[in-house]
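Numbered from 1 within each chain, the chains take letters A, B, ... in sequence-line order.
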Number of protein chains: 2
Amino acid sequence: MTADPLGPPLTRRATLSVTLNDVASLANVSPQTVSRAIRNPELVSERTVTRVQWAISTTGYVPNLAASNLASNRSKTIAAIIPTISASVFADALHGLDAVLTPHGYQLFIGATDYSIDREEELIRAFMGRRPDGLFIVGTKHTPAATLLLRKSRIPIVEAWNWTDEPIDNLVGFSNSDAIEAIVEYVVSKGYKHPTFAASLQPGDSRALDRQESFARTVARLLPGEPPRVVDSGTGVIDMDAGVRLLDIALKRHPETDVLMFASDIFAAGALLECRRRGISVPGDLAITGFGDFEISRHLLPTLTTVAVPNVEIGTRAGELLIARMSGIGEESEMVDLGFSVVARESA
Amino acid sequence: MTADPLGPPLTRRATLSVTLNDVASLANVSPQTVSRAIRNPELVSERTVTRVQWAISTTGYVPNLAASNLASNRSKTIAAIIPTISASVFADALHGLDAVLTPHGYQLFIGATDYSIDREEELIRAFMGRRPDGLFIVGTKHTPAATLLLRKSRIPIVEAWNWTDEPIDNLVGFSNSDAIEAIVEYVVSKGYKHPTFAASLQPGDSRALDRQESFARTVARLLPGEPPRVVDSGTGVIDMDAGVRLLDIALKRHPETDVLMFASDIFAAGALLECRRRGISVPGDLAITGFGDFEISRHLLPTLTTVAVPNVEIGTRAGELLIARMSGIGEESEMVDLGFSVVARESA
DNA sequence: ATGAAAGCGCTAACAC
DNA sequence: GTGTTAGCGCTTTCAT
């Protein structure tokens, strides 16, 4: 045994946990060999590997990744920054991201900005302290300081969801503007003449703003003379109750509306169910469209016309890009447009 | 300047990033003082703090938390292990957890087990390597090895969702069995005589199993002679399509059913909408109940009778327990029963 | 195939 | 109020 039976003089509280050295002395090899046996067993003789594995399970050794991180300058960690965890679209993307990263041994740090770019900056700063090997972030609008932090971070970054022509590094998303344009074109082609857009403008949610502006532009182009009617619940909350409220506002303020176009399927579902309750026929009295193609949309009665967007794929493509960049394959920043599709159903 | 103008001889690649030493030499103080100025500014003179802050922003210093972790043996990190990210109930709990932890400077590691306890064990092992200061985990059934790992981890742990009499450390949840019992009691009190339970048994999902067993027990108690009818979609998937499938199976196999009791509001919503589509009157021809009290349940037509469970609160209470334990307040393990409530609406 | 030495960037302990 | 010293547990580099 190479271990000093008295143990080293502890000048400072130790971690109290089993270390590489403990495993090494039990296995009668150097710490270095244990390290190798764990990470590159092919460089170590079979006998030694067996002995080390025995020592590991005997001692219950769990490697300290902070030490590994510090020594190797790689954390095997990915930071993910999203507006909120409890919105299924982002949860789906995280799910996709996690599914791709886990098999490669990367672990996910998650933080929610609550749609505030100041909070986002704080989060980025805090996360950078963990020296992640890659970063996933929803959105392309950041504070100047945040953008700077990201630019000089030297790690691969994927901005997601929005489209922009000047991403910081990689971009995976689709054009919210084009998607809204497409569904407006669709309803106009169906003969609707008086569309109203219904959203809940969260300060800081640039995606919602994009959609609203795109609506106005497209109406101006396709229905000259028609005002760009927009209603806003003002709270920023995206739920079915807000959909009902938006329906009320639209009905009262813009009774001429023949198609009510919601910025989310959640709103649309709430409004649609409320219409049935009130005896408003859809699409007879009023047509309705959504955004997102949530599962409920094809189950509603009538089924909901909406825009399908690639939530999970955003996560998986982002994960693949990160993996590729972190393993040195591919040096170029990529811009991946995952597109969208108008899903024509019964409600419009 | 105390800095050596030639710099130290680099025997090994440096991180290339700004370190505490860089800030210290720019501010003309010792690294220790910089550290103090960041973490306990009240121990440092105001002038020094100002100078250090200036040096930090000049250099763009971002502390390396791996090094901090290693030196201090505290990671300011919490590990959260959930069955899947894209199930709103768990996303809601994470949201609650995150909301409580963030203000205290803790960051969240997240991993999904996909309902496999073997995968869960792997995740625990990997996460323990990061030496989290606390751990949140959904479920109380783990592999023996995982249980052992958790028991000897010396960090506060919160098991959540399920109820058990022998938690590893803390427990925050409610009794799935009691909840099912309560809603069966409710429908029986309403005069229904032929209940059928509809679930999708995911191998490894002990919560679903609990519910099913509780259903059988309660039926045996309240409706003697009545068989415990259960239908199972067999896929483990929880979505509205599965709800429709379960409806089909129940209708065909157990036409005597007067109330179809779903293990999730998602199933119930799919089935309810399908009933309307087919002209089956609810609750006239068939009553329906759900589980979870999702937002959609109070918007459906008819509104859905269900059981409300405290998703977000599970996360926030867990967060509070962890914070308390990590700051040394409270040494005792706690068991928090957050309860549930039957929400009587129109569908049953 | 294995080991020895050095050091990653930070904080704890103790001095002054 | 501030500095000095000695590590935290691992990986890298270089020897053998």
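To the nearest angstrom, P of D:dT2 lies 11 Å from CD of B:Glu46. Here the C1' atom of nucleotide D:dC10 and the CG atom of A:Asn21 are 9 Å apart, to the nearest Å. Atom CG of B:Asn69 and atom C1' of C:dC8 are 14 Å apart (whole Å). If you measure from atom CG of B:Leu70 to atom P of D:dG7, you get 14 Å, rounded to the nearest angstrom. Rounded to a whole Å, the CZ atom of B:Arg131 is 7 Å from the P atom of D:dC10. The distance from atom CG of B:Leu65 to atom P of C:dT11 is 9 Å, rounded to the nearest whole Å. Per the geometry, CD1 belonging to A:Ile38 stands 8 Å off P belonging to D:dC10, to the nearest Å. Following rounding to the nearest Å, A:Asn73 (CG) and D:dT11 (C1') show an atom-to-atom distance of 11 Å.
Among D:dT12, C:dG7, C:dC10, the nucleotide with an atom closest to any side-chain atom of A:Ser72 is D:dT12.
Note on ring orientation: taking the six-membered ring where Trp is involved, the planes of A:Phe90 and A:Trp161 are perpendicular (angle over 60°, cut-offs 30° and 60°).
The backbone N or O of A:Lys76 sits nowhere less than 3.5 Å from a side-chain atom of A:Gln107 that would complete a donor-acceptor pair.
Residues passing the side chain to side chain contact (heavy atoms under 4.5 Å, CB included) test with A:Thr50, sequence neighbours excluded: none. Every residue two or more places apart in sequence or in another chain that forms a side chain to side chain contact (heavy atoms under 4.5 Å, CB included) with A:Ala55 is listed here: A:Val23, A:Leu26, A:Ala27.
Using a cutoff of 4.0 Å between basic side-chain nitrogens and carboxylate oxygens, A:Arg125 and A:Glu122 are not scored as salt-bridged.
Closest non-hydrogen pair, B:Thr19 versus B:Asp22, comes out as N-OD2, 2.8 Å.
A heavy-atom distance below 4.5 Å is found between the side chains of B:Ile323 and B:Tyr106.
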Pull out every protein N or O sitting under 3.5 Å from an N or O of nucleotides 2-4 of chain C, one pair per line with the distance.
| unit_1 | atom_1 | unit_2 | atom_2 | d |
| --- | --- | --- | --- | --- |
| C:dT2 | OP1 | A:Ser45 | OG | 3.2 |
| C:dT2 | OP1 | A:Thr48 | OG1 | 2.6 |
| C:dT2 | OP2 | A:Ser45 | N | 2.9 |
| C:dG3 | OP2 | A:Ser30 | N | 2.8 |
| C:dG3 | OP2 | A:Ser30 | OG | 3.0 |
| C:dG3 | OP2 | A:Thr33 | OG1 | 2.5 |
| C:dG3 | N7 | A:Arg36 | NH2 | 2.7 |
| C:dG3 | O6 | A:Arg36 | NH1 | 3.3 |

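Listed pair A:Ser35 / D:dT11 meets the phosphate criterion, a side-chain N or O lying under 4.0 Å from OP1 or OP2.
Across the interface with DNA chain C, nearest-nucleotide mapping of B:Ala66 and A:Glu42 shows A:Glu42 to be the residue nearer the 5′ end.
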